[in-house]
S.K.: 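Structure in structure tokens, see below.
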Amino acid sequence: MITSVRGFKDIYGKEAKIWKKLENIIREVFSTWGFEEVRLPILEKTELFQRSIGDTTDIVEKEMYTFIDKGNESVTMRPEGTASVIRFINEHKLYTLEKNLKLYYLGPMFRYERPQKGRLRQFHQAGVEFLGDLTPYAEFEVLSLMDCLLEKVGIKDRILYINNLGCPDCRKTYRNSLLKYLENNQDLCEDCNRRKITNPLRILDCKQEKCKEIIKSAPKILDFICVDCKKHMTKLKELLTLNNISYEIDPFIVRGLDYYIKTVFEVHAKGLGSQSAILAGGRYDNLSKDLGGYDLPAVGWAMGLERVVLLLDETFVEDDSLDFFFIYFDDRGEKIILPLINNLRKKGVKVSYDPSKSSLKSKLRKADKLKSKYVVILGDNEINNGTFTLKNMEKGEQFALPLDKLENLEKEI
RNA sequence: GUGAGCGUAGCUCAGUAGGUUAGAGCACAAGGUUGUGGCCCUUGUGGUCGUGGGUUCGAGUCCCAUCGCUCACCCCA
């Protein structure tokens with residue numbers, strides 16, 4: 001038997017209904033906030049991700065679905081959405097200083113990782129990017145949007161963690177100070193020793209106990225950020241507090257994508273096991289320029305839809321039900337019922353029937369299983385009397401009505 | 001890439017120190033009322049016990065390999 005590929009999943013039945021509703025809420029809230037959808041390709045040139053996410057990040061080093069296409073070009077199935085958005089803006093020259101761009105995307109992403117709870121190889125993200133604004137109002141805009149969205153979806157048990165990584169200048173100072181501190185500590189894990197050279201800030205994010213211990217008393221980035229960065233953060237905190245959006249400062253949030261500067265944040269939810277981050281993002285003012293495009297400041301975040309779906313329970317969507325189920329037993333009945341069903345469906349009435357030769361009892365059982373509100377019975381007795389039987393399944397009551405009432409059956413309920 | 005746990009019916013799982021034709025619940029189907037659903041009762045359909053090899057008179061059960069799934073590490077949404 002041929003099965004689906006590891007880490008790739010079919011979504012169907014009740015779960016598909018949950019996804020549909022979740023996506024509807026997302027689109028509605030995004031649109032309310034003035035964000036417009038952009039539908040981006042799944043395949044991009046590999047270089048786009050190497051240069052944006054960063055060559056030494058895990059995503060680029062070992063998690064990308066990269067292959068050489070028939071034109072001998074290295075292409076990659078997108079592992080995230082932000083790089084594509086920036087590529088898109090520059091390619092179509094959409095940037096103007098007068099106007100902020102507010103874009104959103106929603107779709108599948110691909111990373112070659114070992115699957116586990118809340119982590120698949122094909123997963124789905126909904127993300128927003130707010131471009132062209134250097135001020136903390138940009139962060140506030142996307143974070144208040146986040147808060148409203150998660151509230152509407154019904155994710156109650158959540159915490160917003162915020163940090164500031166500083167601008168490139170103050171980060172350099174901090175980096176040196178951090179390295180100096182770590183020089184005197186030889187007990188770091190293997191990975192962290194490697195990170196000293198590749199990406200020292202990631203050491204702050206290490207989960208090893210001994211590293212955590214060392215990091216506890218390490219210098220804090222927030223003590224090193226420059227006056228501008230500090231002002232930026234203070235203003236953002238002020239805006240969040242003013243609008244009742246609760247948050248915690250977490251000086252250890254680093255993020256695994258290289259393009260972030262200044263503000264970074266993560267939203268964690270309870271009940272997800274170890275993959276508790278449902279949404280994360282930050283500011284990436286230099287990404288566009290670094291990719292050879294406009295100087296375009298930006299803030300954005302992405303939400304992992306699988307993880308959000310895991311938090312939703314059965315009550316998020318209600319069961320489908322039918323308006324009418326039709327029961328007949330012979331050609332005389334069929335000639336009346338089938339054209340009628342067609343007409344009702346054209347009017348948007350949800351109906352079904354069972355053309356098999358099974359018994360009335362069996363057909364009623366089927367109607368019950370399909371949660372039909374009403375059943376129309378057109379058997380020998382009815383046809384001989386020029387009537388049909390309309391049964392209310394919930395109340396268990398039924399009436400005989402003249403056949404011509406079938407024309408506008410939906411008005412009888 | 002690393003580690004641990006688990007693979008028995010469509011689903012959730014039992015299966016005792018290896019011992020006849022491998023079980024239950026749910027789901028599905030038929031009947032209990034020659035035309036009335038849900039609840040209940042009866043009956044039925046459905047399994048190469050993940051796959052391959054080994055030990056044994058005999059393997060779902062023990063051993064080895066392999067594949068798959070899950071969770072965790074790592075990393076991330």
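Each chain gets a letter, A, B and so on, in the order its sequence line appears, and its residues count up from 1. These numbers come from the heavy atoms of this one structure, side chains and all, not from hydrogens, waters or symmetry mates.
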S.K.: Mapping A:D380 and A:L257 to their closest nucleotides on RNA chain B, which lands nearer the 5' end?
M.R.: A:D380
S.K.: Rounded to the nearest 0.5 Å, what separation is found between the CD atom of A:E248 and the NE2 atom of A:H268?
M.R.: 10.5 Å
S.K.: Is the distance from OP1 or OP2 of B:rU36 to the nearest side-chain N or O of A:T389 less than 4.0 Å?
M.R.: no
S.K.: Contact class for A:S372 vs. all strands (heavy atom < 4.0 Å): base, sugar-phosphate, or nothing?
M.R.: nothing
S.K.: Which nucleotide in the list B:rG37, B:rC73, B:rU70 gets nearest to the side chain of A:L364?
M.R.: B:rG37
S.K.: B:rG35, B:rG37, B:rC73: which one has an atom nearest the side-chain heavy atoms of A:D368?
M.R.: B:rG37
S.K.: Could you label the plane-to-plane angle of the A:Y294 and A:Y95 rings as parallel, tilted or perpendicular, counting under 30° as parallel and over 60° as perpendicular?
M.R.: tilted
S.K.: Please check the phosphate of B:rG68 (OP1 and OP2 only) for any side-chain N or O of A:R6 closer than 4.0 Å.
M.R.: no
S.K.: For A:Y181, does the OH atom sit with more than 12 other heavy atoms under 6.0 Å from it, leaving out its own atoms?
M.R.: yes
S.K.: Check whether more than 12 heavy atoms from other residues, nucleotides or ligands sit under 6.0 Å from atom CD of A:E407, and answer yes or no.
M.R.: no
S.K.: For A:K391, I'd like to know if atom NZ has over 12 heavy atoms of other residues, nucleotides or ligands within 6.0 Å.
M.R.: yes
S.K.: With rounding to the closest Å, how many angstrom separate the P atoms on B:rA27 and B:rC11?
M.R.: 15 Å
S.K.: Out of A:K350, A:R345, A:K373, A:K371, which one pairs with A:D323 under the salt bridge (charged side-chain N to carboxylate O under 4.0 Å, His left out) rule?
M.R.: A:K373
S.K.: If I pick the P atom on B:rG35 and the same atom on B:rC28, what distance separates them, to the nearest angstrom?
M.R.: 24 Å
S.K.: Is the count of non-hydrogen atoms from other residues, nucleotides or ligands lying under 6.0 Å from A:Y65 atom OH greater than 12?
M.R.: yes
S.K.: Quick one: which of B:rC76, B:rA30, B:rA29 gets closest to the side chain of A:K369?
M.R.: B:rA29
S.K.: To the nearest Å, how far apart are A:L370 CG and B:rG38 C1'?
M.R.: 13 Å
S.K.: What is the distance, rounded to the nearest whole Å, between atom CZ of A:F8 and atom C1' of B:rC69?
M.R.: 17 Å
S.K.: Any chance the side chains of A:Q116 and A:S274 put a donor and an acceptor closer than 3.5 Å?
M.R.: yes
S.K.: Taking atom C1' in both B:rA22 and B:rG68, compute the distance separating them and give it to the nearest angstrom.
M.R.: 23 Å
S.K.: Round to the nearest Å and state the distance from A:F325 atom CZ to B:rG38 atom P.
M.R.: 14 Å
S.K.: Which is more 5' along RNA chain B, the nucleotide nearest A:L279 or the one nearest A:G379? Just name the residue.
M.R.: A:G379
S.K.: Tell me: OH of A:Y112 to P of B:rU2, nearest whole Å?
M.R.: 11 Å
S.K.: Answer with base, sugar-phosphate or nothing: what part of the nucleic acid does A:I377 contact at a heavy-atom distance below 4.0 Å?
M.R.: base
S.K.: What nucleic acid atoms does A:G118 come within less than 4.0 Å of, heavy atoms only: base, sugar-phosphate, or nothing?
M.R.: base
S.K.: Among the candidates B:rC76, B:rG37, B:rA72, find the nucleotide nearest to the side-chain atoms of A:M393.
M.R.: B:rG37
S.K.: Could you state the interatomic distance from CD (A:Q122) to NZ (A:K9), rounded to the nearest 0.5 Å?
M.R.: 11.0 Å
S.K.: Examine B:rG31: is either OP1 or OP2 under 4.0 Å from a nitrogen or oxygen in the side chain of A:S359? Give yes or no.
M.R.: yes
S.K.: In whole angstroms, how far is the C1' atom of B:rC40 from the CZ atom of A:R365?
M.R.: 11 Å
S.K.: Base, sugar-phosphate alone, or nothing: which one does A:A277 contact when heavy atoms must sit under 4.0 Å apart?
M.R.: sugar-phosphate
S.K.: Between B:rA29 and B:rU20, how many Å separate the two P atoms, rounded to a whole number?
M.R.: 34 Å
S.K.: What's A:T57 touching, base or sugar-phosphate or nothing? Going by heavy atoms closer than 4.0 Å.
M.R.: nothing
S.K.: Taking it one step at a time, do A:Y161 and A:E266 satisfy side chain to side chain donor-acceptor pair (under 3.5 Å)?
M.R.: CA-CA 5 Å; A:Y161 295 102; A:E266 293 180 1; over 6 Å; no
S.K.: Between the base of B:rG1 and the side chain of A:E113, is there any donor-acceptor pair under 3.5 Å?
M.R.: no
S.K.: Please report, rounded to the nearest Å, how far the P atom of B:rU70 is from the CZ atom of A:R119.
M.R.: 12 Å
S.K.: Counting only heavy atoms from other residues, nucleotides and ligands, does the tally under 6.0 Å from NZ of A:K347 exceed 12?
M.R.: yes
S.K.: Taking 4.0 Å as the cut-off, does a side-chain nitrogen or oxygen of A:Q116 come that near to OP1 or OP2 on B:rA72?
M.R.: yes
S.K.: Between residues 395-403 of chain A and RNA chain B, which residues have a heavy-atom gap below 4.0 Å?
M.R.: A:G396, A:Q398
S.K.: Could you check which of B:rC73, B:rC74, B:rC69 has an atom nearest any side-chain atom of A:D58?
M.R.: B:rC74
S.K.: Starting at atom CG of A:L120, determine the distance to atom P of B:rC76, rounded to an integer number of angstrom.
M.R.: 18 Å
S.K.: Considering only atom C1', compute the distance from B:rC69 to B:rU12 and round it to an integer number of Å.
M.R.: 16 Å
S.K.: How would RNA chain B look in dot-bracket form, 5' to 3', counting Watson-Crick and G-U wobble pairs with both distances under 3.5 Å and writing | for bases paired to another strand?
M.R.: (((((((..((((.....[...)))).(((((.......))))).....(((((..]....))))))))))))....
S.K.: Distance check, C1' atoms only: B:rG15 and B:rG54, in whole angstrom units.
M.R.: 24 Å
S.K.: A:K62 NZ to B:rC74 P: how many Å, rounded?
M.R.: 11 Å
S.K.: Base, sugar-phosphate, or nothing: which does A:K391 touch, judged by heavy atoms less than 4.0 Å apart?
M.R.: base
S.K.: Using the P atom on both, measure B:rU21 against B:rG58 and round to a whole Å.
M.R.: 14 Å
S.K.: Angle class for the A:Y374/A:F324 ring planes (parallel below 30°, perpendicular above 60°, tilted otherwise)?
M.R.: tilted
S.K.: Between the side chains of A:D258 and A:T57, is a donor N or O closer than 3.5 angstrom to an acceptor N or O?
M.R.: no
S.K.: At less than 3.5 Å, do the side-chain atoms of A:R114 and the base atoms of B:rC71 form a donor-acceptor pair?
M.R.: no
S.K.: Touch check for A:Q275, heavy atoms < 4.0 angstrom, all strands: base, sugar-phosphate only, or nothing?
M.R.: base
S.K.: Categorize A:K361 for me: base, sugar-phosphate, or nothing, with a 4.0 angstrom heavy-atom threshold over every strand shown.
M.R.: base
